[in-house]
Amino acid sequence: MSFSARYGTLIGLLAIIALFAALSPEAFAKGSNLINITQQMSLLAIVALGATFVMSLSEFDLSVGAVVSMAGIVSVTLFGAGWGIVPVMLVTLIAGFAVGAVSGLAIATYRMPSFIVTLAMGTIVGGITYWISDGATLFGNIPVGFRDLGRGYLAGIPVLTLWALAATLFAAFILDHTELGRRILAIGGNREAARLTGVRIVPNSVWAFGLCTLFAALAGLLLTARLGSAHPTGGNGFLLQAYAAVFLGMTAFRDGQANALGTLLGAAIIAVVANGLTILGVPNYLQDIFTGLIIIGAVLVRNIGGRAT
Amino acid sequence: MLEIEGLTKRFGGVTALDGVRLDVAAGRVHALLGENGAGKSTLLKCLSGVHRADAGTMQLSGRAYQPADPRAAEAAGLRTVHQELNLVPGFTAYENAYVGRSYPRHLGRVDWKAMRARFAALRDRYRLDLDIDVPVGRLSVAKCQIVEILRALMDDARVLILDEPTASLSEEEAIVLRRIVRDLADQGCAIIFVSHRLDEVFALADDYTVLRNGQSVGSGQIADTSRDEIVGLMAGEAFRHERHGDARAPGDPVLELKGFRVSPVRAPIDLTVRAGEIVGLYGVVGSGRSSLLKAVWGASGVAEGDIALEGAPLPAAGIESRKRAGVAYVCEDRRNTGLVMHHSILDNAVLPHLERHRALEALPVVSWRRARAGVRAALEGLSVKYGGLGDRISTLSGGNQQKIMIGRWFDPSLKLFLLDEPTRGVDVRSKAEIHALCNRLAGEGAAILFATSDLEELLMLASRVVVMAQGAVTLDAPNSAVTRQSVIDATFHAPQPQPTKPEIKV
């Protein structure tokens, strides 16, 4: 494979950064802004890393946005009931894992299309979230210790950035270095071939979907920590952007396969574009148009490059 | 009607058809016979315009016939009904009949009434009881087969090719189908009929042509021949082959099947494979070899009956139980169900036994250093040629891919190998290497059960020969006790007739 096809996405990111740096040397290219971007992209990156697991399985989980919202509402509600930080986080993360695990179980056991099952699951989770919160933004009494998980700096690096880096390392480790990860990729690559070598479809699917929504729940917790409140639809916007990041990441590094590092890169591209355009004073709707064009462009370049080799 | 003379077709260095001669007369049913690989499919593909012959002439009604593509063949009045169904399940019979055809229109809209009427007329012309208003997905296989045939007859066909139309039908359904074929012939159509049921050929066909190794070795009228003569023509002259394995004394039973059914509707199978034995499973395509191997591997959820490995019973289904017990399986379709083609050599090689390459015994974490070393050593032992372990496995030759598919299961504790067509689509050299590998494994005490469509391979490699026909075992004998002819004869044996429903309407 040619150099440009292999590293095209990375080159693209650097080109976008260079472009913004040239257009706005004083505001965009400042060190503090670049660090700020890493914080802005962190929650998106975590949700997208979760989605990378199901994309590795060649499936979709459309409930991730709803799970981000749910995690926020559940955690604030539990804090309101006087629970401590550790139990709240544990219960929220387990609930997040359970959502995906149920989807994965249904999808793998009954061979149902993941697109539809997780769309329905997302709708159900959204309804439950609304029910718990009564549709209102919850403030509750969120402990300061919890809030510090989503704000502030550690050794000059935003805490959220550290979370995103940790999530990337964790996802890369699972996918590249564990039996679970290799089996998920094998199922995604050729389901029947994997099955006939004895890879068990159901448990591995349950894990992939469970990890996906676990990451979404983590993002929901961190979002709540950062904002100090939770809104019943506060995380819904992550859904499309997360898959956009995974798709951008699939065009990077590897042969069209979802991968953790690529996903991080994809999230970075989306965040850089949003940040740069905001600094240049471009309205929001134009940002969406640009992001969409970049995704189509990346896939197009990829396909043309792939055909040439 | 159709006259073929000297037809030759080569694929690379392989001559698939070598001066084939075939005369098919109008109003007659012509049986095309031959073993697997004799050239039947290639001949049919040349006829229907899929392949272009390298030499020879074809004439249709006295005029030169050289179809450039399947459309040209259809335009000339030649129709093919393939063994596999090509219907849209959600469409009704008449909607299916119009797929790929221009729809009749009335006032700019599709004229469904006219479509239905035309198809209904066709159905009635052949006196068929067929509901054309329900989606074909709800019809039986036999009725779908009939829909396929009617579709082929939408425009008057002069030559109708039926490629094993009764392979998936019950006896009663086959009888109905044969009646339709007879009717068609009586109305002047020339019919080429490929079948692996010899009794059916004798009941239905008027003429026959036998192919062997790409040559037409005999033809004439069915009335003037006998079953033995046909089988003799298909088998050919006395065939000399090196028979391996006979000298080896088989050890204790490794695999024992008793009343084992691939599915509740299939015939029960009794089979024993002993240590050091190479048992060859032979039969025509669709005879049930592959499904038997798959079910023994535990990959069929509907299997039932007794299966035991070294005397210990196994559940009727469940791949993990087989892996734990020391069984390995290599499927026939390398590309679609065997390998993950766009993954690396390394990934494919370690997939069946990821847990063997752990960094720490207790943790399910892969040590790629160990995995690489292990795979490299294994591939060296198999003389697999490759660039790097990270290369896509699709970059390797078929033979090398196949060796990896077999070799990735190697383990000192391995007791039974299930190999489905282990040398399909590999070059001669790799084939010999895979044969040597099987002999080596058997020599080390493993039991091998392999399926093949290649008679030469069967007689060369197997120490014991098992023939299957229509899902049942029809021959089970040591290699030294069978002849080429007796093996082919067994592929035509229908299993014992099973009690069936009193009436079937088609």
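Proteins get letters first, then strands, A, B, ... in listed order; numbering begins at 1 in each.
- Counting heavy-atom pairs closer than 4.5 Å to chain A, the top-ranked of the candidates Asn336(B), Leu351(B), Ile319(B), Thr337(B) is Thr337(B).
- Residue Arg335(B) touches chain A through its backbone alone, counting heavy-atom pairs closer than 4.5 Å.
- Only the side chain of Arg358(B) comes within contact range of chain A, with heavy atoms under 4.5 Å apart.
- Smallest separation of non-hydrogen atoms from Ser290(B) and Asp420(B): OG-OD2, 2.8 Å.
- Contact of Asp333(B) with chain A is not made at all, since no heavy-atom distance falls under 4.5 Å.
- Sparse packing is recorded around CZ of Arg369(B), with 12 or fewer heavy atoms of other residues, nucleotides or ligands lying under 6.0 Å away.
- Both the backbone and the side chain of Arg195(A) come within less than 4.5 Å of a heavy atom in chain B.
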Step-by-step salt bridge (Lys or Arg N to Asp or Glu O under 4.0 Å) determination, Glu355(B) to Arg183(A) = CA-CA 11 Å; Glu355(B) 67 283 353; Arg183(A) 291 187 174 124; 3.4 Å; yes

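- Using cut-offs of 30° and 60° on the angle between ring planes, the pair Trp409(B) and His353(B) is perpendicular.
- Neither the backbone nor the side chain of Arg322(B) comes within less than 4.5 Å of any heavy atom of chain A.
- Considering every non-hydrogen atom in both Asn400(B) and Val384(B), the closest pair reads OD1-CA, 3.5 Å.
- Contacts between Leu354(B) and chain A at a heavy-atom distance below 4.5 Å involve backbone atoms as well as side-chain atoms.
- For the residue pair Ser453(B)/Arg289(B), the side-chain donor-acceptor check at 3.5 Å is satisfied.
- Listed options Met405(B), His343(B), Met341(B) were ranked by heavy-atom pairs under 4.5 angstrom with chain A; first place goes to His343(B).
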